Amino acid sequence: MITGGKPLFGEVTVSGAKNAAVAIIPGVVLCDEPCRIENIPNISDVTVIANILRDMGAMVRRVDKNTLDIDPRPINTCEATEDSVRKMRASYYLLGALLGRFHKAKVALPGGCNFGVRPIDQHLKGFQLMGASNDLINGAIIELDASASFHGARIYFDTVSVGSTINVMLAAVKAEGQTIIENAAKEPHIVDLANFLNSMGANIRGAGTDVIKIRGVEYLHGVTYSIIPDQIEAGTYMAAAAATRGKVTIRNITPKHLESISSKLREMGCEIDEYDEAVIVDATQRPLNRVNIKTMPHPGFPTDCQPQFVALLTTVKGTSIVNESVWDNRYQYVSELVRMGANISVEGRLAIIEGGHLTAAPVKATDLRAGAAMLIAGLVADGTTDISNISYIERGYSDVVTKFQSLGADIKKVYYPDNNAATTA
Ligand code: EPU
């Protein structure tokens with residue numbers, strides 16, 4: 001429940017990156033010794049993936065809010081088919097990790113945020129080239145089998161895909177010979193996963209470019225590894241600072257990962273000061289300008305910040321055009337913003353936003369980043385906005401209510417029976 005109209009001021013510290021954590025935790029399955037993972041975000045997606053590993057036999061111990069000790073040695077199954085697996089998209093990283101460890105994997109098809117068709121053909125193409133057959137069982141479980149021969153391969157992805165790049169990287173780390181991934185995704189969490197795997201003794205070169213070369217190794221030793229800061233959480237607070245016309249210092253960030261977001265905010269008229277591990281967004285100096293945005297794979301403007309920036313642009317005078325080039329259908333939340341008085345029309349991949357004024361309304365989070373957009377809209381709207389389905393938001397944002405409260409927002413979490421019943425699927 002948010003009462004809007006207060007500019008945000010102060011400091012907020014960004015947590016570890018969700019999309020790195022949900023790849024690195026399954027990556028531990030490949031290790032031959034226990035690992036300690038630090039800077040883990042306090043989000044439900046992490047709890048879900050940690051429980052899946054536990055169900056498979058791993059010893060998982062929460063050392064503190066942000067640290068997990070994981071001993072993967074007791075895992076004695078290549079199957080992850082419980083309902084919980086379907087609850088999050090990233091559980092499909094178990095396909096690559098289990099294939100790498102056991103040369104076989106049987107994993108339930110993923111759930112996750114729903115914004116149109118989310119195929120995994122490129123993942124399967126990669127596994128197939130590495131020697132794995134694949135079967136779809138009852139339309140719900142993927143079974144991979146490379147027990148006859150599991151080897152490196154040259155894989156060209158037809159589309160730039162974060163998930164396929166990560167999954168093939170995981171599988172290739174212990175495969176015999178060399179794997180070359182061409183047209184690889186370059187997101188910061190891909191580099192983070194490669195750094196994690198290399199720190200255990202893997203041989204991966206080129207992560208962060210569009211060609212990644214992986215030479216298989218036999219043994220991976222235990223490490224203590226700290227996850228990178230969350231680029232998208234940072235971008236969300238930056239958008240919120242701008243939307244409320246406040247001034248916020250965002251700490252524990254990597255400015256390089258935020259270049260596309262910082263430059264878009266500068267183009268809008270915000271002052272952005274970058275430090276080694278912090279950025280200050282100051283939107284108090286002048287009225288903000290309309291801008292156009294096109295989402296692209298990294299280093300382009302991230303699709304995972306698109307809804308938050310659409311919410312911001314509803315507050316900026318003039319017509320802004322957003323082009324969503326990554327996902328087919330990531331505007332489901334627009335009708336919620338329209339309920340708050342936003343003037344937005346969607347034509348295919350374009351959203352045309354006529355800036356104006358938002359008024360509070362009961363709205364729902366239709367997915368994780370859509371939920372973040374509702375938070376931003378609620379922070380600027382006149383009156384008190386109720387956001388339901390907040391379990392989506394809790395999948396990806398650590399301590400979001402306390403963090404916004406610390407910036408002066410009038411926000412609180414209220415339990416209604418419906419919210420308690422919401423699932424994370
Ligand atoms: N695609 C295919 N075939 C495939 C895989 C992907 O055609 O086999 C297409 C998709 O349909 C999409 C495009 O390629 O049009 C990009 O998909 P990608 O595989 O990169 O997405 P993902 O791995 O499923 C991750 C993030 C998403 C983020 C996208 C794009 C995780 C767990 N999820 O998804 O994050 O939107 O990359 O950057 O890392 C979020 O955090 O809110 C979120 C949805």
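None of these values were measured; they are calculated from a predicted model. Note that ligands are numbered from 1 as they come in the structure, with each ligand's atoms numbered from 1 the same way. We're numbering straight along the sequence, starting at 1.
Of all the heavy atoms of Q122, the ones lying under 4.0 Å from any atom of ligand 1 are found in both the backbone and the side chain. Within the 4.0 Å heavy-atom criterion, both parts of D121, backbone and side chain, lie near ligand 1.
In the candidate list R369, R395, H123, R369 is nearest to atom 41 (O) of ligand 1, counting heavy atoms. By heavy-atom distance, the residue among D367, V162, T165, I190 lying nearest atom 37 (O) of ligand 1 is V162. Evaluated by nearest non-hydrogen atom to atom 10 (C) of ligand 1, the leading choice among F157, Y92, Y392, W327 is W327.
Using cut-offs of 30° and 60° on the angle between ring planes, the pair H257 and H298 is perpendicular. Classification of the H103-F150 ring pair by plane angle, with boundaries at 30° and 60°, yields tilted.
The closest side-chain heavy-atom distance from I155 to M130 is below 4.5 Å. Here the side chains of R290 and L313 are not in contact, with every heavy-atom distance at 4.5 Å or above. A 4.5 Å side-chain heavy-atom check between Y415 and K413 finds at least one atom pair inside the cut-off. For the pair Y397/R369, a side-chain contact is recorded, criterion being any heavy-atom separation below 4.5 Å from C-beta on.
Every atom of ligand 1 is numbered from 1 in the order shown, and the set under 4.0 Å from a heavy atom of R89 is 24 (O). Atoms of ligand 1 found under 4.0 Å from any heavy atom of T303, numbered from 1 in the order shown, are 30 (C), 36 (O), 38 (O). Residue G163 has at least one heavy-atom neighbour below 4.0 Å for each of these atoms of ligand 1: 19 (O), 23 (O). In the vicinity of T159, heavy-atom distances shorter than 4.0 Å reach the ligand 1 atoms 1 (N), 2 (C), 7 (O), 14 (O). Residue-ligand proximity, L368 to ligand 1, at heavy-atom distances under 4.0 Å covers atoms 42 (O).
At least one heavy atom of R330 sits closer than 4.0 Å to an atom of ligand 1. For H298, the closest heavy-atom approach to ligand 1 does not fall below 4.0 Å. Remark: distances from the non-hydrogen atoms of P119 to ligand 1 include one below 4.0 Å.
With hydrogens and angles disregarded, a donor-acceptor distance shorter than 3.5 Å links the side chain of Y331 to the backbone of R349.
The only member of L136, V107, D135 that meets side-chain contact (heavy atoms from CB on, under 4.5 Å) when paired with I142 is L136.
Within the structure, no pair that satisfies the ring-ring contact (aromatic ring centres under 6.0 Å, His included) test touches residues 31-50, not counting sequence neighbours.
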